[in-house]
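Here the structure is laid out as structure tokens; the discussion comes afterwards.
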Amino acid sequence: MALLTIKDLSLGYHSQPVVEGLNFSVQPGDYICIIGENGSGKTTLMKTLLQLQKPLAGDILMGEQLKMNDIGYLPQQTQMQKDFPASVMEVVLSGCQGSNPWWRPFYTKEQKERARKNLERLGLSEYKAHSYSALSGGQQQRVLLARALCATQKILLLDEPGNGLDPEVTKDMYRWIARLNQQGLTILMISHDVEAAIRYASHILHIGDTVFFGTKQSYIDAKKENGGNTGWNA
């Protein structure tokens, strides 16, 4: 059964659509890479899936096994976040806040263990007491990924996780994400890196003037049929 089903979705601002007619579903274990031109509505789609803004039209249906607090989110990092004055463990633990009742101001033993395991999962255990702001860009991004994992065991939304990182660190970040997917986590990721999308994704969603959704192989086949150029470039 699908985790998410998107039907005839239109996205935009002030009644002005950016993209219309989105139809796709997200199955458990999928790795969907979202590509498209700048301004095509990729981040708007993420915000809409997270219920941070309303669609202009259409429906987003959640499967019975999925609730809003089951969705983890890694947005693009800002400079303010890079300089955040907290320890690595404190940053990761903050990902558990969505599961804290308003009357419980402290983290539970279970939540602390979840944070510890996610740091270990991403090779960051030795940095848990370090200052977050003192880490490299790649390490900071993995800390934020561990934070997002504290909110979910099912589905993770990622907005340009390699943004601002050098090429080798970006490749390493994609490998960590692929490993999480192999462990059963469903991934929806915005990326300008079509090469990485083709390498790791199970499905490609292109939004913009042309809308395409299909398996990675169908995307590759379409490119071959069109001489290597579909117009679906990021």
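Nothing here was measured: the structure is a model prediction, and the numbers come from that model.
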- Is Asn181 reaching over with its side chain to a backbone N or O of Gly29, donor-acceptor style, under 3.5 angstrom? yes
- What heavy-atom pair brings Asp193 and Ala196 nearest, and what distance separates the two atoms? OD1-N, 3.0 Å
- Between OG1 on residue Thr43 and CD1 on residue Ile34, distance to nearest 0.5 Å: 9.0 Å
- Item | Close side-chain approach of Leu145 and Ile177, heavy atoms under 4.5 Å | yes
- Note on the structure: Partner of His203 under ring pair (Phe, Tyr, Trp, His ring centres under 6.0 Å), picked from Phe24, Tyr219, Phe213, Phe212, is Phe213
- Message: Ignoring hydrogens, what is the shortest heavy-atom contact between Val91 and Ala86? Give both atom names and the distance.
- Response: CG2-CB, 4.1 Å
- Task: Flag the pair Leu149 / Leu122 as yes when at least one side-chain heavy-atom distance between them is below 4.5 Å, and no otherwise.
- Result: yes
- Side-chain H-bond candidate by donor/acceptor type, Gln139 with Ser136, under 3.5 Å: yes
- Message: Please report the interatomic distance SG(Cys150) to CG(Leu119), rounded to the nearest 0.5 Å.
- Response: 7.5 Å
- Message: Ignoring hydrogens, what is the shortest heavy-atom contact between Gly21 and Ser10? Give both atom names and the distance.
- Response: N-OG, 4.0 Å
- Query: Looking at residues at least two apart in the chain, or sitting in another chain, which of them share a side chain to side chain contact (heavy atoms under 4.5 Å, CB included) with Ser125?
  - Reply: Glu120
- Query: Is the closest side-chain heavy-atom distance between Val143 and Phe84 below 4.5 Å?
  - Reply: no
- Message: Would you compute the distance between atom CZ of Arg179 and atom CG of Leu185 and round it to the nearest 0.5 angstrom?
- Response: 14.0 Å
- Message: For the backbone of Pro161 and the side chain of Gln141, can you confirm whether one donor and one acceptor N or O come within less than 3.5 Å of each other?
- Response: yes
- Message: Please check: side-chain N/O of His130 versus main-chain N/O of Ala134, any donor-acceptor pairing under 3.5 Å?
- Response: no
- Message: Measuring only between side-chain heavy atoms, which start at C-beta, is Asn23 closer than 4.5 Å to Asp8?
- Response: yes
- Message: Nearest 0.5 angstrom please: Glu195 CD to Lys171 NZ, how far?
- Response: 7.0 Å
- Task: Indicate if Val18 and Leu188 have the same hydrophobic cluster label, given that clusters are the connected sets of ILVMFWY residues with side-chain heavy-atom separations under 4.5 angstrom.
- Result: no
- Query: For atom CD of Glu110, is the number of surrounding heavy atoms from other residues, nucleotides or ligands below 6.0 Å larger than 12?
  - Reply: no
- Query: Looking at side-chain heavy atoms only, is the closest gap between Tyr31 and Lys216 below 4.5 Å?
  - Reply: no
- Query: Is there side-chain contact between Tyr174 and Met189, with at least one heavy-atom pair below 4.5 Å?
  - Reply: yes
- If you measure from CG on Leu9 to CD1 on Ile207, what distance do you get to the nearest 0.5 Å? 9.5 Å
- Treating Ile, Leu, Val, Met, Phe, Trp and Tyr as nodes and any side-chain heavy-atom pair under 4.5 angstrom as an edge, say whether Leu45 and Leu61 lie in one connected cluster. no
- For Arg142, what residues pass the side-chain hydrogen bond (donor to acceptor under 3.5 Å, both in side chains) criterion, not counting sequence neighbours? none
- Message: Can you give me the closest heavy-atom contact between Arg121 and Leu180, atom names plus distance?
- Response: NE-CD2, 3.5 Å
- Could you tell me which residues satisfy side chain to side chain contact (heavy atoms under 4.5 Å, CB included) with Lys117, sequence neighbours excluded, listed by chain and number? Glu113
- Which heavy-atom pair separates Leu156 from Ala148 by the least distance, and what is that distance? CD1-CB, 3.5 Å
- Item | Residue pairs, two or more places apart or on separate chains, that pass salt bridge (Lys or Arg N to Asp or Glu O under 4.0 Å) and touch residues 143-163 | Asp70-Lys154
- Would you indicate whether Gln153, at its atom CD, is surrounded by more than 12 heavy atoms from other residues, nucleotides or ligands within a distance under 6.0 Å? no
- Starting from the C-alpha separation in whole Å, work towards a yes-or-no answer on side-chain contact (heavy atoms from CB on, under 4.5 Å) for Gln53 and Tyr13. CA-CA 9 Å; Gln53 71 178 63; Tyr13 300 91; 3.4 Å; yes
- Query: Hey, does Ser94 have a side-chain heavy atom less than 4.5 Å from the side chain of Tyr107?
  - Reply: yes
- Message: Rounded at 0.5 Å granularity, tell me how far CD1 in Ile198 sits from OG in Ser191.
- Response: 10.5 Å
- Kindly state each residue pair satisfying salt bridge (Lys or Arg N to Asp or Glu O under 4.0 Å) with at least one member in residues 38-58, sequence neighbours excluded. none
- Message: Could you work out, with ring pair (Phe, Tyr, Trp, His ring centres under 6.0 Å) as the rule, every residue matching Tyr200, not counting sequence neighbours?
- Response: none
- Item | Asn38-His192 side chain donor-acceptor pair, cut-off 3.5 Å | yes
- Item | For the student: nearest non-hydrogen atoms of Leu165 and Val169, plus distance | CD1-CG1, 3.9 Å
- Message: Would you say that Ile71 contacts Leu49 through its side chain, given a criterion of any heavy-atom pair below 4.5 Å between the two side chains?
- Response: no
- Message: I'd like to know if Leu144 and Trp176 are part of one continuous hydrophobic network [Ile/Leu/Val/Met/Phe/Trp/Tyr, side-chain heavy atoms within less than 4.5 Å].
- Response: yes
- Item | same_hphob_cluster(Leu56, Leu52) at 4.5 Å side-chain heavy-atom cutoff | no
- Under the side-chain contact (heavy atoms from CB on, under 4.5 Å) criterion, do Val211 and His206 qualify, and how do the steps go? CA-CA 5 Å; Val211 175; His206 177 275; 6.0 Å; no
- Quickly, which of Leu158, Ile155, Ile32 forms a side-chain contact (heavy atoms from CB on, under 4.5 Å) with Ile187? Name it, please. Leu158
